[in-house]
Amino acid sequence: MAEFTVPRAVTVSPDTSISDYLIRWGTEDPESVLYRQKIGDAWVDWSAAKTLAVVRGIALGLRAAGFGRGDRIAIMSRTRLEWTLADLAIWHIGAVAVPIYESSSPAQAQWILSDSGTTGVFAETTALAAVVEEARSEEGGHGVTHVWVFDEGAMETLTAAGRELDPATADAAVAGVHLDDTATIIYTSGTTGRPKGVVLSHGNFVELSEEAVNLLPEIVKEPGANSLLFLPLAHVFARFVEVLMLVGQLPMGHTPDVKQAVADIATFKPTFLLSVPRVWEKVYNGAELKQGKGLKRTIFRWAAKTSVGYSRMLATPSGPTAYVKAKHAIADRLVYHKLREALGGTLHWTISGGAPLGERLGNFYQGIGLHMLEGYGLTETTAPSNVNLPRKTKIGTVGPPLPGTSVRIAEDGEILIRGIGVFKGYHNNPAATAEAMKDGWFHTGDVGVMDDEGYLSITGRKKELIVTAGGKNVAPAQLEDPLRTHPLISQAMAVGDRQPFVAALITLDAEVLPRWLETHDRPPMTVEEAARDPFVREHIQMAVDRVNKKVSRAESIREIRILADDFTIENDMLTPSMKVKRHEVMTNYQDLIDSIYAGTNPKE
């Protein structure tokens, strides 16, 4: 059993809350910029003083509506400034914020609203307000009494209603909110069963953010440091970023559409970004496809290979050779600087979490001059429990624990976590809490290994391990994650539990398909046609073959099936946080999976 602990480096007063930071910056440094809002094509600054005044106004409106300490108020919206303002106002009255993905169905919304005891909801649009209203008709209903719509002037309406109260009482509730008080209840993705409400305190966010700011001065204290948030704020990673930026007094922008993210990055010009691997895969694949065909494409691929090789040599004692440095310099003039400019030209640091990034992609970005720091965490750990350090990065790992955090590898390989970021428990679910928390350790369900410096490597999910008929344990992630880096592949799911070999179900990326066909001199075709096309299958098989070279024969993918449909939130095969619902996929495609193994002997 391996265990590694990083001691606390920052002390935080027990009577601190997230709201205290907004009050501090708004009164002690009122002209400092906390947010930048996109209006038209321009990014407009929000000073700390303006932000505090607006939040106080909304908070007074919530109090006038009868809301106060401990009340649950949900937010159902895409990522935008109003989301953060609502979050801050909820905390300002000592209430508890409950995020709901804007893609949630009425039934999903009903469960979260009723289980959490939510009585007020901020909805982005009238359409989302209608989802909340429809949730009332679901079995069990919910107790929501107020719905405020961002696009219908919710903030102005609340502010106007709050004017009946004494402005001097705007901060009255803040003094009573401490580190131990609940800040939010975030519902898990629900890959199996109903989502569980993860109870996170002000202390989880504040103490972890303070430690992160102290741990990463190269990133958060760089002159002009700022970041653009395009992750969904219903996800714990984005919520942590939101609080981190406030604690660190760093300007932040919001982008509601991931498809618009690259364009907004170019104009916002962030110095660091926090995102998930799928975004970095899309950026890379988009850059490659943009080259078209012929010489430009050949040069890009050569430059990408050079970048990976250069980065790998940086980790060696002698570093890159003179020849590799020369190639890298040429590639920088031809390719790398264009990529950096497309990402704003000021982006120096990128932090990836939520799923494994992959060694090749990590080295590619480091090689072009963007320092990619991979991290790890879960909703139950308030996002980051581990992160690579600017002064010592080990690509392929998720880094050592953050200060105030201990990580243990159990006898069966499961990753256990204890520390300042670990949640208080599951709301209304003591049985699930008791199962996940044992002797103060949170059992993550993930499997991994850790070196003697505490750098953690994730190898898979404990419950997702495939055990073949031959008794071989196979971690699906080591097969699926590399496959998803191929531009044409949207999703991949390995199957083969209790079967003689591993197979994979693969879906195609409908957005990428037209350009990919064009660059490969193929005629236009639908996703359904592409799924049957021999040329497409050949290239997918080439991607599978590359993955198979990195695993043993028993772990390799021996059969593939390319599906005509993708896994989506709408067909209930993806969670709102884009995780594959393996049970749903297995159920929907059981006949197809059975056909793969028809005629084989399970005991072979």
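- More than 12 heavy atoms of other residues, nucleotides or ligands shown are found within 6.0 angstrom of NZ on K394.
- Checked by atom type and distance alone, the side chain of E414 never pairs as donor or acceptor with a backbone atom of D446 at under 3.5 Å.
- Atom CD of Q108 is separated from atom CZ of R194 by 11.0 Å, given to the nearest 0.5 angstrom.
- Here the side chain of Y365 pairs a donor or acceptor atom with the backbone of W280 at under 3.5 angstrom.
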List the steps, then state whether side-chain contact (heavy atoms from CB on, under 4.5 Å) holds for T393 with H371.
CA-CA 9 Å; T393 298; H371 301 282; over 6 Å; no
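- Looking at residues two or more places apart in sequence or on another chain, you find a salt bridge (charged side-chain N to carboxylate O under 4.0 Å, His left out) between K282 and D509.
- Each of I466, V495, D497 was checked for a side-chain contact (heavy atoms from CB on, under 4.5 Å) with P476, and the lone residue meeting it is I466.
- Panel note: side chain R582, backbone A494; a donor-acceptor pair is recorded below 3.5 Å.
- Across all their heavy atoms, S104 and M76 have their closest contact at O-CE, 3.8 Å.
- Ring-plane geometry between H539 and W516 is classed as perpendicular, the angle between the planes exceeding 60 degrees on a 0 to 90 degree scale with a lower cut at 30.
- The distance from the CG atom of N386 to the CG atom of L456 is 5.0 Å, given to the nearest 0.5 Å.
- The side-chain heavy atoms of K290 and F300, taken from C-beta on, include no pair separated by under 4.5 Å.
- Between the side chains of T519 and R297, no donor-acceptor pair of N or O atoms lies under 3.5 Å.
- Side-chain contact check for F423 versus I185: every heavy-atom pair is 4.5 Å or farther apart.
- Counting heavy-atom neighbours within 6.0 Å of R391 CZ, excluding the residue itself, gives a total above 12.
- Residues P401 and T5 have side chains not in contact (no heavy-atom distance under 4.5 Å, counting atoms from C-beta outward).
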Evaluate E464 against M493 for side-chain contact (heavy atoms from CB on, under 4.5 Å), listing each step before the verdict.
CA-CA 11 Å; E464 292 177 359; M493 192 183 102; over 6 Å; no
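- Within the model, atoms OG1 of T316 and CE of M313 stand 5.5 Å from one another, a figure rounded to the nearest 0.5 Å.
- Remark: the backbone N or O of D565 is not paired with any side-chain donor or acceptor of T507 at under 3.5 angstrom.
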Steps toward side-chain contact (heavy atoms from CB on, under 4.5 Å) verdict (N588, N571)
CA-CA 10 Å; N588 278 276; N571 63 25; over 6 Å; no
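- Ring-plane geometry between Y597 and F501 is classed as tilted, the angle between the planes lying from 30 to 60 degrees on a 0 to 90 degree scale.
- Taking the side chain as every heavy atom from C-beta outward, K581 and T575 approach each other to under 4.5 Å.
- The backbone N or O of A287 sits less than 3.5 Å from a side-chain atom of Q291, completing a donor-acceptor pair.
- Judged by distance alone, the side chains of E359 and N363 do bring a donor and an acceptor atom under 3.5 Å apart.
- Residues I540 and I560 approach most closely at CG2-CD1, 3.9 Å, considering heavy atoms.
- Among residues two or more places apart in sequence or in another chain, the side-chain contact (heavy atoms from CB on, under 4.5 Å) test is passed with I112 by V98, I100, Y187.
- Partner of W441 under the side-chain contact (heavy atoms from CB on, under 4.5 Å) criterion, chosen from I415, L416, I417, V422: L416.
- Remark: side-chain polar atoms of Y336 are paired, donor with acceptor, to backbone N or O of A303 under 3.5 angstrom.
- Contact between G396 and S457 at its shortest, heavy atoms only, is O-OG, 3.7 Å.
- A distance-only check finds no donor-acceptor pair linking the side chain of S307 to the backbone of A304 [under 3.5 Å].
- A pairwise comparison of heavy atoms in N473 and V467 identifies OD1-CG2, 3.4 Å as the closest pair.
- Under the rule for a side-chain contact (heavy atoms from CB on, under 4.5 Å), the partners of A238 that lie at least two apart in sequence or sit in another chain are L229, L231, L233.
- Rounding to the nearest 0.5 angstrom, the gap separating the CD1 atom in I395 from the CD atom in E374 is 9.0 Å.
- Remark: E518 does not engage R515 in a salt bridge, criterion side-chain N to carboxylate O under 4.0 Å.
- Side chain of T255 to main chain of D257: no donor-acceptor pair is present (N/O by atom type, distance under 3.5 Å, no hydrogens or angles).
- Here the shortest heavy-atom pairing between I409 and G448 reads CG2-O, 3.5 Å.
- Contact of the R360 side chain with the T485 side chain is not registered, since no non-hydrogen atoms from C-beta on lie closer than 4.5 Å.
- The line from CG of L200 to OG1 of T184 is 6.5 Å long, rounded to the nearest 0.5 Å.
- Looking at I593 and L505, their side chains come closer than 4.5 Å, going by heavy atoms from C-beta outward.
- Here the side chain of H486 pairs no donor or acceptor atom with the backbone of M542 at under 3.5 angstrom.
- No more than 12 heavy-atom neighbours from other residues, nucleotides or ligands sit within 6.0 angstrom of NZ on K305.
- Annotation: the span from F237 atom CZ to S352 atom OG amounts to 7.0 Å, rounded to 0.5 Å.
- The closest donor-acceptor contact from the side chain of S227 to the backbone of F272 lies under 3.5 Å.
- Using a 4.5 Å heavy-atom threshold, the side chains of L513 and L488 count as touching.
- Residues V236 and V198 are not in side-chain contact: their nearest non-hydrogen atoms beyond the backbone lie 4.5 Å or more apart.
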What's the verdict on side-chain contact (heavy atoms from CB on, under 4.5 Å) for E453 and K392, showing C-alpha distance, side-chain angles and the deciding distance?
CA-CA 11 Å; E453 292 184 297; K392 187 164 188 177; 2.6 Å; yes
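- Ionic pairing of E435 and K196 is not present here: no N-O contact between side-chain nitrogen and carboxylate oxygen is shorter than 4.0 angstrom.
- Nearest heavy-atom pair across F240 and A212 is CZ-CB, 4.2 Å.
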